[in-house]
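Please read the structure below before turning to the comments.
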Amino acid sequence: MKTVYILNGPNLNLLGRRQPEIYGHETLDDIRTACAALGETLGLTVELFQSNHEGGIVDMIHTARENAAGIIINPGAYTHTSVAILDALNTFDGPVVEVHISNVHKRESFRHHSYVSLRADGVIAGLGTEGYQAALRRLGTLLA
Ligand code: DHK
């Protein structure tokens, strides 16, 4: 079975408790459970990680180079600031799908730009936590 990494950036450990009017009530564990179940139907093993640190996310992308066929990434606020995460993703050969729970384009203008989009094969925003499952379905297609 191919492995997909789901990488999450800062503050997403608080999902479900953090601004639920924007990010919803589901937790990262709920996403892990839903994506693991969907992954089984797609023939994909899913591993979900979260870090509040830019370098931690870079390290996880480096690990993905050896261990993952595809990456789903929600870099949180680093989406809008991190050349280091973009550079790390550019070292990864497989497909990358960028996910934002909220519709970043409907929010403050500083959320409209994404460094990660310069690398991502697909971008999902505003589908709530269902966006992770949509991203996984897309990777299922791309990795078939
Ligand atoms: C999550 C965050 O933490 C924000 O910094 C981004 C993103 C949006 C989301 O919608 O999942 O701007």
Side-chain angles (χ1 to χ4, degrees), residues 2-42 44-65 67-143:
K2 290 177 179 167
T3 297
V4 168
Y5 275 12
I6 303 181
L7 305 181
N8 292 277
N11 300 304
L12 290 165
N13 53 311
L14 296 179
L15 209 53
R17 289 174 287 152
R18 168 204 187 199
Q19 296 181 281
E21 70 283 4
I22 295 176
Y23 298 106
H25 293 277
E26 288 189 305
T27 67
L28 221 44
D29 268 345
D30 294 332
I31 294 169
R32 181 185 280 111
T33 302
C35 287
L38 176 61
E40 273 186 35
T41 72
L42 296 169
L44 296 171
T45 300
V46 173
E47 293 188 35
L48 185 145
F49 303 96
Q50 189 274 333
S51 175
N52 289 323
H53 306 280
E54 188 174 22
I57 298 166
V58 169
D59 286 343
M60 288 188 277
I61 294 167
H62 292 177
T63 306
R65 283 164 50 82
N67 298 310
I71 292 176
I72 295 168
I73 184 164
N74 181 350
Y78 288 136
T79 305
H80 318 297
T81 62
S82 182
V83 176
I85 290 173
L86 170 63
D87 284 352
L89 288 170
N90 278 329
T91 75
F92 181 76
D93 288 333
V96 174
V97 180
E98 175 184 352
V99 170
H100 304 289
I101 296 164
S102 64
N103 180 0
V104 283
H105 302 290
K106 211 176 158 185
R107 300 180 64 192
E108 303 97 320
S109 58
F110 66 81
R111 295 185 204 276
H112 297 176
H113 177 263
S114 166
Y115 284 99
V116 170
S117 293
L118 292 168
R119 165 62 180 89
D121 298 292
V123 182
I124 293 168
L127 300 193
T129 55
E130 285 175 46
Y132 289 86
Q133 291 163 69
L136 190 56
R137 285 201 183 87
R138 180 62 181 155
L139 286 188
T141 302
L142 293 175
L143 294 171

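Computed over heavy atoms, backbone and side chain alike; hydrogens, waters and symmetry mates excluded. Read the numbers this way: they start at 1 and go in the same order the structure lists the ligands and their atoms.
For ligand 1 and His80, the ligand atoms under 4.0 Å from any heavy atom of the residue are 6 (C), 12 (O). Listed by number with element, the atoms of ligand 1 under 4.0 angstrom from any heavy atom of Arg18 are 2 (C), 3 (O).
For Asn74, the heavy-atom gap to ligand 1 drops under 4.0 angstrom. Using a 4.0 angstrom heavy-atom cutoff, Tyr78 does not count as in contact with ligand 1. The closest approach between a heavy atom of Thr79 and any atom of ligand 1 is not below 4.0 Å.
The protein non-hydrogen atom at the shortest distance from atom 10 (O) of ligand 1 is Ser102 OG, 2.6 Å.
Between Val104 and ligand 1, no pair of N/O atoms sits closer than 3.5 Å. The shortest N/O to N/O separation between Arg107 and ligand 1 does not fall below 3.5 Å. In terms of polar-atom proximity, defined here as any N/O pair under 3.5 Å, Ile101 does make such a contact with ligand 1.
Applying the salt bridge (charged side-chain N to carboxylate O under 4.0 Å, His left out) test to every pair with at least one member in residues 28-42, sequence neighbours left out, gives these pairs: Asp29-Arg32.
When each of Ile57, Leu7, Val58 is checked for a side chain to side chain contact (heavy atoms under 4.5 Å, CB included) with Ser51, only Ile57 meets the rule.
Side chain of Arg18 to backbone of Tyr23: no donor-acceptor contact under 3.5 angstrom is found. Judged purely by atom type and a 3.5 angstrom limit, Arg119 uses its side chain to pair as donor or acceptor with the backbone of Phe92.
Under 4.0 angstrom from ligand 1, the non-hydrogen atoms of His100 come from both its backbone and its side chain.
The aromatic rings of His80 and His100 lie parallel to each other, with less than 30° between the two planes, well short of the 60° mark.
Between the side chains of Thr3 and Glu47, no donor N or O sits under 3.5 Å from an acceptor N or O.
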Could you list the donor-acceptor pairs under 3.5 angstrom formed between side-chain atoms of residues 71-79 and any protein atom two or more places apart in sequence or on another chain?
unit_1 : atom_1 : unit_2 : atom_2 : d
Asn74  : OD1    : Gly76  : N      : 3.0
Asn74  : ND2    : Tyr132 : OH     : 3.2
Tyr78  : OH     : Glu54  : N      : 3.4
Thr79  : OG1    : Gly76  : O      : 2.5

